[in-house]
Every structure is written in C-alpha cells, then in structure tokens.
Amino acid sequence: MDPADDPRAPRRRKWRKIRRITYCVFGVAVGVPLIAFWVAYLLLDVRSPQDVLSSLNKTVVLKYADGTELLKVPPAEGDRLFVPYAKVPSKLRDAIIATEDPTFWDNAGFDPTGIGRAFLTGVGGGSGITQQYIKKSTGDDDATIGRKLEELVLATKITQQQSKEQIFESYVNIISFGRGTFGPAAAMNAYFGRNLDDSMTWSEAAFLAGMIQSPSVHDPAVSGDAHAAKRWDYVRDKVVERGYVKGADAAAMTYPGAEIQAPSETRASRLSYDEYHVKQQVLAELEQDGFPLSRLQLGNLTVQTTLDRGAQAAARTALADRLKGEPKEFRGGLVSVDPSTGAVRAYDGGNDGVRDNAGTAHAPGSAFYPFTLAAGLRKGISPDAPVASPGRVRFLGEDFIYPDRCGKPCTLRSAMASGADTPFIGLAGKVGPDALSSTARDAGIPETIDGAPTMREKDGYLIGSGIAVGRYPLRPLDLAGAYASFADGGLRTTPHLVEKVLDEDGAVVWQHDDTAKPAFDADPDASKRIADGVTGVLQTALPDGRPAALRTGEFQHGNTADNQDGWAIGYTPQLATAVWIGSDDDRRLFDAEGAKLVGATVPADIWRAFMTQTHKSLPVRWDASSLPPVWTKPGLPIPPGMPVQQGPGS
C-alpha cells in the first residue's frame, strides 16, 4: 500500500508534530535556565566579608512623617573586628550551625525548598548559612524569583570555590548580633563585656546564636528577659537535640540573664531613652519587613516613619509633666494611632531606662472590658438591658469577688461608667471565652507578641479564666491599635511605625500597604454598629468640650485591693491613644498623695493632656447632637448639645 494512502498517516503526522513541539518546549524550558545560570555564574561574584564590613560605615536616617529628621543611627565604630574561623569558639560555631543550618557541613549551599517556594508563591525564607551570607553581602533580601535565582547561582559558586570553613568565617563576620554589632567579637563585648575566646560557655554561645534571627527583637533590653529566655530555650534545645551538648554539660546550661549587660548604645549614639525606644521599635519592624539594619546601611537607605513631630513632643511633655513629683518607681508609656490608617503618630516608651514601656506587655485589667462589651453586642446583648451585679461571680472554675459599684438598676452602660467588674465577668460567661478572645483579635489584638501567643495560658493554647479580668499582658501599642477599630467605625488596620523606605535619590524602595477591613462582621454596616455601640458606652469629652471616648482601668496586685497597673485608653476619629502607668516590677502603687493608683487619675490626666494638645489643630469629626447619652463625672465639660446622664462615679 502506498504510504500516502495509509489512513493512519494523518494521525502519525499529527503526533510527530506534537512530539517536536514538546521537545522544543522542553528544550527551551531546560536550556534557557541552564544558559542563564551559566551566564550568571560567569558574571556574578560574591563580595568578600572585608568589603561588606567596610561598606557598612554609613549612617541610617529616620525621618518624621513630614520628612524632617527624627534621629540618626550611626555605625558603631570599632565594632567590626574581623575574626578568623580558628578564633571563633567551637561552642559558638556549633550553636549557630545547630540553630541556623543543621546540614551546613553537607549541603550544596542552598535550600531547594526555599527557592521552590519563592518560585511558586513569591515568599522567601528558610535560607541556610550560605544563602544568608549571599543576602547580607548583596544587601538584597527581596522574596522574588530573580533574587532567589541569583542566590542559587552565587551559593553554588561560593560552595565550589571556598571551603565550608571559609564560608562560615565570611558569614559570621558580617551578620548583626544587635546593639550595632557585626561579628562575634563585637557581640561578646556588647552583651557580656568580655573578649571572644574559648572561655565562652555553652549558655553564652546559645544566647549569641539566638540573636542572629532577629537581633532587634530578641535583645532582652528590648523585649524583656522572658522573651529572650524563650529564644534561648529554643537554641538550647537545638544544640542538645543535635548532639552538640550532652549529659552534664546540657544539664548545666542556664539562661545567662544576670550576666547580660545593659546596652551602652544610648550614650554612644547620644540618644535619650525615649528616642532609643523609637529607634529599636522602628528597626524591629523593619527587620520583619525584610530590611535589617545591615541592608539599610549597605543600600544607604532612609526610613520615613509615621511619627508626627508635634504629637511626639506632646507625648513626651504629657508624661514628663504629670509624673514629675510622683513616686520614683512610677513608669509610663504612651502610644497614639491614626485609626483610619494604623499609622503610629506618637510612641513614647518613657525616659527612665532601656526598658520600653510602650512596647512591653502589661495586664490591661478592666481596660479589657470594652472587648467584652463588643463580644456581647455581637451576640445581640443590649448595653442598656438590666444585668446582675453580684459581689461574687464564678467563671471557668475561678471565683471573683468585687464590691458592687453599679447600683440599681445596673446595665452594661452604667457598669462601665461606675467601674463595676462582675457584670463584665458575667457577660464573659454568657458569650464564652472563645468568642471573647476572637472579638479582641478581630479588633486588632495580635495572635502573637514576639512569637508568644497572646490571651492564652502558658501552654499557648488554653484560654483561662484570666481573660474575663484582663489578666493576659498586652502592649500599649496593641491596645491603641485595637481601640482604633472602635474609633474608625469597625474598620481595622495594623499599627505601624514605618511608612516607607527610600533610596539615595529619594525613590521609594518599599512602602507599607494596609487596607482597612471590617473588624467584627463581614458586613461593614454590621461591624460599624458594634463599634459605635462601644463608642456610645465610652463617651466622654476632652477638656475643650470635644466629643471623645475613654476607658480607664487598672489591674490588681495579687490578691490585694491595690493596683500595679493603671490605664487610660480612648479615642476620637483622628487618634486612638493608650496610656500605661506602672513600675519596672510588679508592686502595689500609690501616688504622691498616698492614694492607690487607678486609671482615672494619673493615666487619665496624661491622656487628656496629650489628646487636648494634639487636637488643637484638628477639626471636630463627631456630631455631638447625634450621639447617644454620655455618662460623665461631675464637673467634666460637656460639648454643647450633647445629652447627659450623670454617672455614679469612677
């Protein structure tokens, strides 16, 4: 038979064509990347650690929201001594490898999983030591396919050209350990005041290895010993699990908190403590956004913050003026957020030491009750319906005993105004702990703070009875952001201090992107009704008569009738502000007149002073005549036209 007459010929020709196309596509798919890889391999080179260290000698400028200078982060001169591999204590080498890259000695220099994830999702992460060195040496940490491919090429090249010892030496000398240090010698001196040598203990090695992941967050001077100890525990477990430390040596490892020195960075950089807190908070936020200090320095980048110059000055003045003359153990912090954007306009962690009171978690106590009220509103419970106000109430197996301050009849509105506790503990029982926790999270309380779950028991999962009385610690930053959801009519944003990162020419390299979303219900109108319901219960007025919302509260010291924390948290449509007053340790606090600390005194005075000053140039946004009745203390100015009901006191 003539092949041309074969009825199967058209099908065979069709399949030959498909095979040819497939071969071509496969050839392009494989060949082009291989060619690109080879070209990149020939053209790209990894910078030496000495070159990287010399290029880090650049000052990073932080600016206010209006573009004027806020402060500078100069390089820490003398803190970049190059340490040869043989001079790095073996304990520190092992602790770093166990934590950062357990397969370092055997891998090909890169993480295929991380590269594949970046290719599929555009999200990076999971890099080993070689890849981390590539990122630090290039100053490029963007989670893009192009950057990951460049990282793959350079990781392959450096692994073929250098020994693992050389790669580790390069890596450990350019990474930051925090406090302006680069390399292990500077870090050992900054944290322990000693030279780097083989006298280093396993406990010290675990601490320094733990700093690498996020040095602006894990420093105990920033986040406290509890957080730093948790990070230390993680590293300790890794070195034990991977066989670097065994037996008696493992049992002898303890968190070296007493040996860690306070940072001298504030004096070296000529920053006041409140400026230092701003700097640390901004740098920590930038690290989370992919811009560690080394990248900022390498790129000669400028950071524009969200902070308002006038609001920042008002916060400092309000805290300093009111605390003058109070007992020396009093400490204060203030955070103010723009509800519509989440931009932090004022951040003051106090000027008493390296502890940042605005970024340290404290128990909110009865200042948590607005979230309980919001949870009730979501269930359809009216703030004006009669509620019980017993002297004793039981919740999740714990008995709570408080005096009845509400009077008869008692409603959630009058309970909030009078400072009654048991009506809100009873409401927590009605809505349930899960609904209460979810409502607070929906308002903006984060899932975790520095990696630790919020509003949970120590196991990280169980919600205990403490949620009913605000026993779980939260930061003023978190509470200001969550109250901002009430201020903006049920729309939630994320509090942030960094607006954008700019290059040398002023072009935007990165910008914060956050769209407001309904907090309490997918329907914006329903979410607004809940938020407005809370605002209606918290109504007050600033001394100049401007309508506002305010909740004062406190947290008790142990089983005493006295308090260790005082709060004033409130808002207008333009600013949501949280003020905390307490001390460096948990103790009973009494003011200069001998009265126990309550939110309605020192914290509220600071809140009113700050809000009055910052609103002088702002228009009145709330129409007083349309607001529901307000509970207020005698003598507090009321805006014209606002209906008033006299509350029984605070």
Side-chain angles (χ1 to χ4, degrees), residues 65 285 289 305-308 311 335-347 364 367-381 383 431 435-447 454-455 474-500 511-540 546-551 569-578 611 614-615 618-624 626-628:
E285 188 175 307
D289 291 326
T305 71
T306 60
L307 296 173
D308 179 86
V335 179
S336 190
V337 175
D338 181 340
S340 63
T341 64
V344 176
R345 299 307 185 193
Y347 187 97
F368 192 78
Y369 291 165
F371 302 116
T372 312
L373 174 62
L377 293 173
R378 293 177 92 169
K379 296 283 188 180
I381 298 173
V431 301
L436 178 50
S437 173
S438 294
T439 297
R441 293 209 191 287
D442 290 342
I445 299 299
E447 293 277 348
T454 58
M455 298 186 295
L474 297 170
R475 301 173 299 183
L477 177 63
D478 306 319
L479 289 164
Y483 270 63
S485 296
F486 300 137
D488 198 33
L491 296 177
R492 184 185 68 202
T493 54
T494 303
H496 59 281
L497 281 87
V498 179
E499 184 63 34
K500 61 182 73 171
Q511 187 161 4
H512 180 86
D513 182 21
D514 187 17
T515 303
K517 299 176 181 178
F520 307 111
D521 194 285
D523 178 4
D525 291 334
S527 185
K528 187 176 189 305
R529 283 194 294 272
I530 294 167
D532 288 351
V534 174
T535 298
V537 172
L538 300 182
Q539 281 181 67
T540 185
R546 180 189 299 260
L550 174 64
R551 171 60 184 172
I569 314 174
Y571 51 87
T572 66
Q574 293 101 324
L575 288 175
T577 302
M611 293 290 276
T614 53
H615 281 77
L618 298 178
V620 176
R621 291 277 180 83
W622 275 335
D623 178 11
S626 66
L627 294 174

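Computation of the quantities below employed the complete heavy-atom set of this structure, encompassing side-chain atoms and omitting hydrogens, waters and symmetry-equivalent molecules.
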Name every donor-acceptor pair, under 3.5 Å, that has one atom in a side chain of residues 478-492 and the other anywhere in the protein, sequence neighbours excluded.
{"from": "Asp478", "atom 1": "OD1", "to": "Arg475", "atom 2": "NE", "distance (Å)": "3.3"}
{"from": "Asp478", "atom 1": "OD1", "to": "Arg475", "atom 2": "NH2", "distance (Å)": "2.8"}
{"from": "Asp478", "atom 1": "OD2", "to": "Arg475", "atom 2": "N", "distance (Å)": "3.1"}
{"from": "Asp478", "atom 1": "OD2", "to": "Arg475", "atom 2": "NE", "distance (Å)": "3.0"}
{"from": "Tyr483", "atom 1": "OH", "to": "Ala367", "atom 2": "O", "distance (Å)": "2.7"}
{"from": "Ser485", "atom 1": "OG", "to": "Ala443", "atom 2": "O", "distance (Å)": "2.5"}
{"from": "Arg492", "atom 1": "NH1", "to": "Asp442", "atom 2": "O", "distance (Å)": "2.9"}

Determine yes or no for a side-chain-to-main-chain donor-acceptor pair under 3.5 angstrom, with [X] supplying the side chain and [Y] the backbone.
X	Y	answer
Gln574	Pro339	no
Ser527	Phe520	yes
Thr572	Ala548	no
Thr454	Pro446	yes

Search all heavy atoms of [X] against all heavy atoms of [Y] and return the closest pair with its distance.
X	Y	answer
Glu285	Leu497	OE1-N, 2.9 Å
Thr540	Ala549	CG2-C, 4.0 Å
Thr577	Ser336	OG1-OG, 2.7 Å
Thr493	Pro495	O-CD, 3.8 Å

Quiz item: Of all residues at least two apart in sequence or in a different chain, which pass the side-chain hydrogen bond (donor to acceptor under 3.5 Å, both in side chains) check with Glu499?
Solution: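 Partners of Glu499 by the side-chain hydrogen bond (donor to acceptor under 3.5 Å, both in side chains) criterion come out as none, since no residue qualifies.
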Quiz item: Who passes salt bridge (Lys or Arg N to Asp or Glu O under 4.0 Å) against Asp338, sequence neighbours left out?
Solution: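 Counting only residues at least two positions away or on another chain, Asp338 forms a salt bridge (Lys or Arg N to Asp or Glu O under 4.0 Å) with Arg345.
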Quiz item: Partners of Arg529 by salt bridge (Lys or Arg N to Asp or Glu O under 4.0 Å), sequence neighbours excluded?
Solution: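 Partners of Arg529 by the salt bridge (Lys or Arg N to Asp or Glu O under 4.0 Å) criterion come out as none, since no residue qualifies.
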Atom pair [atom1]/[atom2] of [X] and [Y] - distance to nearest 0.5 Å:
X	Y	atom1	atom2	result
Asp514	Thr494	CG	OG1	4.0 Å
Arg551	Ile569	CZ	CD1	9.5 Å
Leu373	Leu436	CG	CG	11.0 Å
Leu377	Thr372	CG	OG1	11.0 Å
Met455	Arg441	CE	CZ	4.0 Å

Quiz item: Can you name the residues that form a ring pair (Phe, Tyr, Trp, His ring centres under 6.0 Å) with His496, not counting sequence neighbours?
Solution: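 With sequence neighbours excluded, His496 shows a ring pair (Phe, Tyr, Trp, His ring centres under 6.0 Å) to His512, given in chain and number order.
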Quiz item: Looking at residues at least two apart in the chain, or sitting in another chain, which of them share a ring pair (Phe, Tyr, Trp, His ring centres under 6.0 Å) with Tyr369?
Solution: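 Expected list: Phe424.
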Minimum side-chain heavy-atom gap [X]-[Y] below 4.5 Å:
X	Y	answer
Val498	Thr305	no
Pro547	Val620	yes
Leu307	Val344	yes

Practice problem: Would you check if there is a donor-acceptor pair between the side chains of Thr535 and Tyr571 at a distance under 3.5 Å? | Solution: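 There is such a pair (donor and acceptor under 3.5 Å, judged by atom type) between the side chains of Tyr571 and Thr535.
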